[in-house]
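In what follows, chains carry the letters A, B, and so on, assigned in the order in which the sequence lines appear, proteins first and then strands, with residues in each chain numbered from 1.
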Amino acid sequence: MKEEQAVAYWRENISLIIRYLVIWFVASYGCGILFVETLNNIHFFGFKLGFWFAQQGSIFVFLALLVMYARSMNKLDRKYDVHE
Amino acid sequence: MNLDVLTYLFVGLSFALYIGIAIWARAGSTREFYIAGGGVHPVANGMATAADWMSAASFISLAGIVSFSGYDASGYLMGWTGGYVMLAMLLAPYLRKFGKFTVPDFIGDRYYSSTARTLAVICVIFISFTYIAGQMRGTGIVFSRFLHVDIESGILIGMVIVFFYAVMGGMKGITYTQVAQYCILIFAYTVPAVFLIMQVTGHILPQTGLGATVQSSVNPIWEGRPVLFVLDEVIRDLGFHEYTSGSKTTIDMFFITVALMAGTAGLPHVIVRFFTVPKVKDARSSAGWALMFIAILYLTVPAVGAVGRLNLINTINGEEGQGTDYQHMPLWFKNWEQSGLIAWNDRNGDGLVQYAAGDAFVGGKPILTDHLGDLGQRLTSNPVIDTESSLGFDLNRQPYANEVFVDRDIMVLANPEIAQLPDWVIALVAAGAVAAALSTASGLLLVISTAISHDLLKKTLLPEINEKQELLAARMASVAAICIAGYFGLNPPGYVAATVALAFGLAAASFFPVIVMGIFSTRMNKEGAIAGMMVGLLSTMAYIVYFKFMDGAPEDLFLGISPEGFGGVGMLLNFVAAFTVSSLTKAPPEHVQAMIKNIRIPREANKAQSH
């Protein structure tokens, strides 16, 4: 594998990671901690939204992120022909 | 069949299963002993990771912690799951590509330094022993509660079982036992939870039932209103802090969650599970599976916590909220009074059991005696509360003083009885709790024995030993580790709870940053890594020891961050120290930079070791 290709692969991986980690941060630290008071004013299905993010919502988001990351990386591996 | 027979049967059958697996999965080589031959299916590894990860504390105590502290406990829920996102994106795939056996292996090779490796070995051993003492204790407690043997015999039985499959099978034995243990523990956890939620709300799935409404059969006054809103109102009227809002500062919550997340991603017994899958892509998907299996339990916890708390208050204080005549308390209340998880102190002498904010006993915990009171309640020998001078509560905030001590573990242990489930469910919970404790203990034991036989002996002290000798050393090390762990279980240091903060804090402040920098920075060198580890480790250790064990004054806390959260600060200090030092010293050698580039590319996973 060529050097430039390895660099390009790595760069795309990093940008994926950053994108997903931003969502990860917003769902847990953002909605569950930093803005929890504000979100608690929103009620739905018997929850206060901030509290829900802190106790359950963030976990649902984490799960979705891991599924999406695994998929995107499998695609990326194929694109750069580095899959096993 | 009575309950005791059923419990022995269920626990006995589960043990027979574990031993059966151990005999089937004997390890014949160091590769099998350390990483199960590297051929574990990602789904199986996900299950094993989930069992490895969910300890006696997750199984028995977490729901109770959430139940009695509400929003404040969210850090545990987010931290102990969110860490897997970091693990999957920042660590696991690259460590799998690296393709060796242990975390110190990676640190030693990547930082081309035996000092770094030795430092890592010390951290691994320290973190794992801190953690394992609590597991052995947990096993003993479960045995004593469900099987009526004393805690000491319980610990010994646990040691013998773990000895069997961990020493014989190594990682291979542990992996498949953990798969079985996961199935047992998740079934044991969710069945009573489903029934509890169904009774109170009529909703069937605990994972989505947190926002459901209360049924009229529970209390007609609350009918049709969401559990969480009723709970907020009810406990506020009893003088507690509101359930859905926190009492911790935002910065404290933030750093506690950071420390738990990074700690999760940095715990060696979790990381090493990802060395066992065949491919890099399996490491990524396996982390997803692990989180899914963990989430089945962790999403149940908030529902059990909230619904359980409401149910408890309703049972004790009654429909009108005035308290319930002791004679009419349900049987489970009296049963758990016998084992000391519940105690009643009729402070106003009205014969009614009343639950509200504040301590029911001087000193918090009841000191039980063998005597029974007029109504059949178990008496305690705590000093009498002097009601003349101090009522111990504020009449403006709550209607009566608290008269009930409730141990938080009751939220899981008493659930089957509260939900009036058949005896076999109670027996199942016993087997599940034992599975949770043993699975974590065995994962930790393996990491300790590997650190000794592989990192310390083979790689550092006695490099000339052959594979057979190394395997023997690994087995002997695990025997020694079991004995030491058992000793700590039998003679628990008085600060088991505090040491968990220490284990997570140290993992967050030492391993997590060093591994991440080792993968994502080609410039990070050995001087930087060693400086970072030392700074992170020492600052976190000093902070926790000072505030947990040396009675540091709460006013002195750095930015009000509690010791549980300081691992997050230690991690930042580690990063800062590492980057500063490495920018002043020379770049890592050529072959190390090549190795970093190699671990970033998935293909040829097995060639990475022989560059």
J.: Can you check whether B:Val85 reaches A:Tyr69 side chain to side chain, under 4.5 Å on heavy atoms?
T.: no
J.: Sort A:Asn40 into side chain, backbone, both or neither according to what part of it lies under 4.5 angstrom from a heavy atom of chain B.
T.: side chain
J.: Under a 4.5 Å cutoff for heavy-atom pairs, which residue among B:Thr257, B:Ile294, B:Thr208, B:Ile251 has the most contacts with chain A?
T.: B:Thr257
J.: Does the distance from a Lys or Arg side-chain N to an Asp or Glu carboxylate O, for B:Lys279 and A:Asp77, drop under 4.0 Å?
T.: no
J.: For A:Ser58, which atoms come within 4.5 Å of any heavy atom of chain B: side chain, backbone, both, or neither?
T.: side chain
J.: Do the two ring centres, one from A:Trp24 and one from B:Tyr84, sit under 6.0 Å apart?
T.: no
J.: Quick check on A:Val61 against chain B: is it the side chain, the backbone, both or neither that has a heavy atom closer than 4.5 Å?
T.: neither
J.: Under 3.5 Å, is there a donor-acceptor pair between the side chain of A:Gln56 and the main chain of B:Gln207?
T.: yes
J.: Minimum heavy-atom separation for B:Gly288 and A:Leu66, please, with both atom names.
T.: CA-CD1, 3.7 Å
J.: Measure distances from A:Phe45 to the heavy atoms of chain B and classify the residue's part below 4.5 Å as side chain, backbone, both or neither.
T.: backbone
J.: Using modelled atom types and a 3.5 Å cut-off, is there a donor and acceptor pairing between side-chain atoms of B:Arg603 and backbone atoms of A:His83?
T.: yes
J.: Are there over 12 heavy-atom neighbours, none belonging to A:Ile14, within less than 6.0 Å of that residue's CD1?
T.: yes
J.: Are A:Tyr29 and B:Phe254 an aromatic pair, judged by ring center distance below 6.0 Å?
T.: yes
J.: Write down the atom of B:Thr81, the atom of A:Ile59, and the distance for their closest heavy-atom approach.
T.: OG1-CG1, 3.6 Å
J.: Tell me every residue that passes salt bridge (Lys or Arg N to Asp or Glu O under 4.0 Å) with A:Lys79, counting only those two or more places apart in sequence or in another chain.
T.: A:Glu12
J.: So, using side-chain contact (heavy atoms from CB on, under 4.5 Å) as the criterion, who are the partners of A:Leu49 when residues are at least two apart?
T.: A:Leu39, A:Ile42, A:Phe44, A:Trp52, A:Phe53
J.: Between B:Tyr76 and chain A, which part of the residue has a heavy atom less than 4.5 Å away: side chain, backbone, both or neither?
T.: neither
J.: Identify the residues of residues 227-235 of chain B whose heavy atoms come closer than 4.5 Å to a heavy atom of chain A, ordered by number, or report 'none'.
T.: B:Leu228, B:Phe229, B:Asp232
J.: Could you have a look at B:Ser74, B:Ala303, B:Pro226 and say which one has the most heavy-atom pairs with chain A under 4.5 angstrom?
T.: B:Ser74
J.: As an exercise: rank B:Met292, B:Met261, B:Arg225 by heavy-atom pairs under 4.5 Å with chain A and give me the winner.
T.: B:Met261
J.: Of the backbone (N, CA, C, O) and the side chain (C-beta and beyond), which part of A:Phe35 lies under 4.5 Å from a heavy atom of chain B, both, or neither?
T.: neither
J.: By a 4.5 Å heavy-atom criterion (distance strictly below it), what part of B:Leu90 contacts chain A: side chain, backbone, both, or neither?
T.: side chain
J.: Where on B:Val258 is there a heavy atom nearer than 4.5 Å to chain A: the side chain, the backbone, both, or neither?
T.: both
J.: For B:Leu77, does its backbone N or O pair with a side-chain atom of A:Gln55 as donor and acceptor, under 3.5 Å?
T.: no
J.: Which residues pass the side-chain contact (heavy atoms from CB on, under 4.5 Å) test with A:Val67, not counting sequence neighbours?
T.: A:Arg71
J.: Give, as side chain, backbone, both or neither, the part of A:Leu34 having an atom under 4.5 angstrom from any heavy atom of chain B.
T.: both
J.: Identify whether the distance between the nearest side-chain nitrogen and carboxylate oxygen of A:Lys48 and B:Glu242 falls below 4.0 Å.
T.: yes
J.: Using modelled atom types only, decide if a donor and an acceptor are shared between the side chain of B:Arg600 and the backbone of A:Trp10 within a distance under 3.5 Å.
T.: no
J.: Which atom pair, heavy atoms only, marks the closest approach of A:Ile33 to B:Tyr71?
T.: CA-OH, 3.6 Å
